[in-house]
Participant: 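Pasting in a structure now, in structure tokens, and then I'll have a few things to ask.
So you know, we letter chains A, B, ... as the sequences are listed, proteins then strands, and number each from 1.
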Amino acid sequence: MIETENLTKKFGDLVAVDGVSFSVSEGEVFGFLGPNGAGKTTTVRILCCLISKTSGGARIGGYDVSDEADSLKIRKMIGLVPDNVGLYEALSAYKNLDFYGRLYGCPEAQRKENIRRFLTMLGLWEKKDVATGTFSKGMKQKLAIARALVHDPQVLFMDEPTANLDPESSKTVRDFILELRKEKRTIFLNTHNLDEAQRVCDRIAILNTKLMATGTPEELERMVGARRAVIRLEEPSQTVLAALKKRFPDVDVTADGTSLTVEATDPEKQTPDIVEAVVRAGGRVQFAGVVGSTLEDTYLKLVRRDA
Amino acid sequence: MRLSQCWIVASKDLATITKRRNILYSTFVVPFIIAFMFPLLIRYIIEKGTAASALSYLLPSFEFFFFILAGLIPSTIASYSIVGEKVEKSLEPLLATPTTDSEILVGKSIAAILPALGAILSASVVFMGLTDAVTAGKLGYYYFPNWGAALVFLLLVPLGTVMSVEWSVLISSRVSDVRIAQQLGSLLILPFAGIYVAGELNLVQLGDTGTLLIIAGALALVDLLFLYVVQAAFRREEILTRWK
Ligand SMILES: Nc1ncnc2c1ncn2[C@@H]1O[C@H](COP(=O)(O)OP(=O)(O)O)[C@@H](O)[C@H]1O
Ligand SMILES: [Mg+2]
């Protein structure tokens, strides 16, 4: 459904997106994960035919984003939730959506039905005649999502839809994305929130100007392969930390509150020794276990390697 | 270009504008003040015993004043509708719809031109009616309508309005404050007033249809030149990456 090949965008001397290739299948929720300035917005803008690419290629539904005639066809089949909601604050929620529905050439009956459906799904139907200037951030974001859907697009692009939202609104938006996933819509989700990517995406690409990795959340988790022993004490103790560092000089030992983390090559085998050392140093162990690497580990490793 | 798409954009802007009372005021009040003030002034001049020949020299200047308005009035709406979208950051989702840059530009221009032209032309009708009422006794005939007035109101004023909108779009692409954009946009009255002053100094004959046609030709040329520059500035890539 979405395909890029060596997609590159330069702003003057600055390379914002560097040789990015990926493909997203129909019905897939694809997470585009990366730190600020990674080039997520730039990529989405190229895919939505808003700005030009410098080199490489991108196609949506087989149409070329840089072809004048194709670009109108692409824009008809996609919806965009931009990083800034960009609502008309003087107009009501309904009028905002109706305007967009008309721009997409939606017949009136379908427009009405879609507006009703999405405003109801997002809990905004009661507020449909209220000027959006009075809306809370969360309501505005939800309305921006409804606006992107008013013409029933096959592909939905969302640029950090939960950034700057309170936890409750974020959850509503995330749950809504999961609803949309059931409808088999292709969703391209920009985010810098790992947890969000993990929870809603079928596949994730990690971007830091270049594409660092692509895979399912599970594949990415396993990528770094680092596992470690975690010991939880009754109370934080510098003595125990010092003792562990002394006993295991070659591995990384860190303390975070009452938790001690030991990066071990074979944590199962080493845990008994670790616990013994802790007890000897006077530490009282509440919990000891081995944890696998997380998406966060992979992410940090990939993103930092480049920095 | 699909006019239906332009019209969707224009009608949204028109709906927004009609909700902003101060924008409506600044569009309609000035032309109508002039439409009422000038005939009163003319009546006063007649009461002072001015000769009929002097009147026929004075009336074209008054009538030309409506052309100066064309350089002023549209900038209020044009600046509001473009800088307003810029401030609300609503241009990005708008550009993501299947609407071309030119359709958005034309739609926004229609939304500025229609009310401005409506205000100036309806005020000019009032002006002509009242002026005829106060001058008919002295002149012995109805001065308006005449070919000169037709050229000013139906050719010069529309051409001036278009130029004002184009100028405002250019200003709006560089400025992110509606008021500043409106003020800079209204600077176009300077060259327009320049033509008027040239008329007062007898450098050009504003009552002469030939002269008016030449002015119209020059305006049309500048309009086209501006259109070229405006189209280059109003491109999605420019709007999203270089507009401030
Ligand atoms: N219009 C622009 N002009 C110059 N540089 C830009 C422009 N837009 C984005 N950039 C730069 O491109 C890089 C990627 O930006 P962006 O795509 O917005 O990242 P993200 O959305 O991942 O935070 C950043 O370094 C940013 O400063
Ligand atoms: Mg961004």
Participant: Using the ring pair (Phe, Tyr, Trp, His ring centres under 6.0 Å) rule, collect all pairs that involve residues 69-128 of chain B, keeping only residues at least two apart or in two chains.
Facilitator: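 Output for this query lists B:Phe66-B:Phe127, B:Phe127-B:Phe144.
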Participant: Would you kindly say whether A:Arg102 and B:Ser11 are connected by a side-chain donor-acceptor distance under 3.5 Å?
Facilitator: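 Present: a donor and an acceptor within the cut-off.
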Participant: Return the option, out of A:Ala144, A:Cys49, A:Cys48, with the maximum number of heavy-atom pairs under 4.5 Å with chain B.
Facilitator: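 Maximum pair count with chain B is reached by A:Cys49.
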Participant: Please check if the number of heavy atoms outside A:Glu183 that lie under 6.0 Å from its CD is greater than 12.
Facilitator: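 Result for CD/A:Glu183: enclosed.
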Participant: For A:Lys128, look at atom NZ and say whether over 12 heavy atoms of other residues, nucleotides or ligands are found less than 6.0 Å away.
Facilitator: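 Yes.
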Participant: More than 12 heavy atoms of other residues, nucleotides or ligands under 6.0 Å from CZ of B:Arg179: is that the case?
Facilitator: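 Incorrect, the count does not exceed 12.
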Participant: Give the interface residues of residues 89-100 of chain B toward chain A, defined by a heavy-atom separation under 4.5 Å.
Facilitator: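 Within residues 89-100 of chain B, the residues under 4.5 Å from chain A are B:Lys89, B:Ser90, B:Glu92, B:Pro93, B:Leu94, B:Leu95, B:Ala96, B:Thr97, B:Pro98, B:Thr99, B:Thr100.
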Participant: Could you tell me if the side chain of B:Val9 sits less than 4.5 Å from the side chain of A:Leu103, heavy atoms only?
Facilitator: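 SC-SC contact between A:Leu103 and B:Val9 confirmed.
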Participant: Hey, which residues of residues 4-42 of chain A are touching chain B, say heavy atoms under 4.5 Å apart?
Facilitator: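 Interface residues of residues 4-42 of chain A: A:Lys9, A:Phe11.
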Participant: Heavy-atom distance under 4.5 Å to chain A: side chain of B:Glu103, backbone, both or neither?
Facilitator: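 Contact with chain A involves no heavy atom of B:Glu103 at all.
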Participant: Which one of B:Arg235, B:Gln5, B:Lys19, B:Glu238 has the most heavy-atom pairs closer than 4.5 Å to chain A?
Facilitator: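 Looking at each of B:Arg235, B:Gln5, B:Lys19, B:Glu238 in turn, B:Gln5 comes out on top.
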Participant: Just to be sure I understand the criterion: a residue of residues 64-100 of chain A counts if one of its heavy atoms is under 4.5 Å from a heavy atom of chain B. Which ones qualify?
Facilitator: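 The list, in residue order, reads A:Leu72, A:Arg75, A:Lys76, A:Leu80, A:Pro82, A:Asp83, A:Asn84, A:Val85, A:Gly86, A:Leu87, A:Tyr88, A:Glu89, A:Ala90, A:Leu91, A:Phe99, A:Tyr100.
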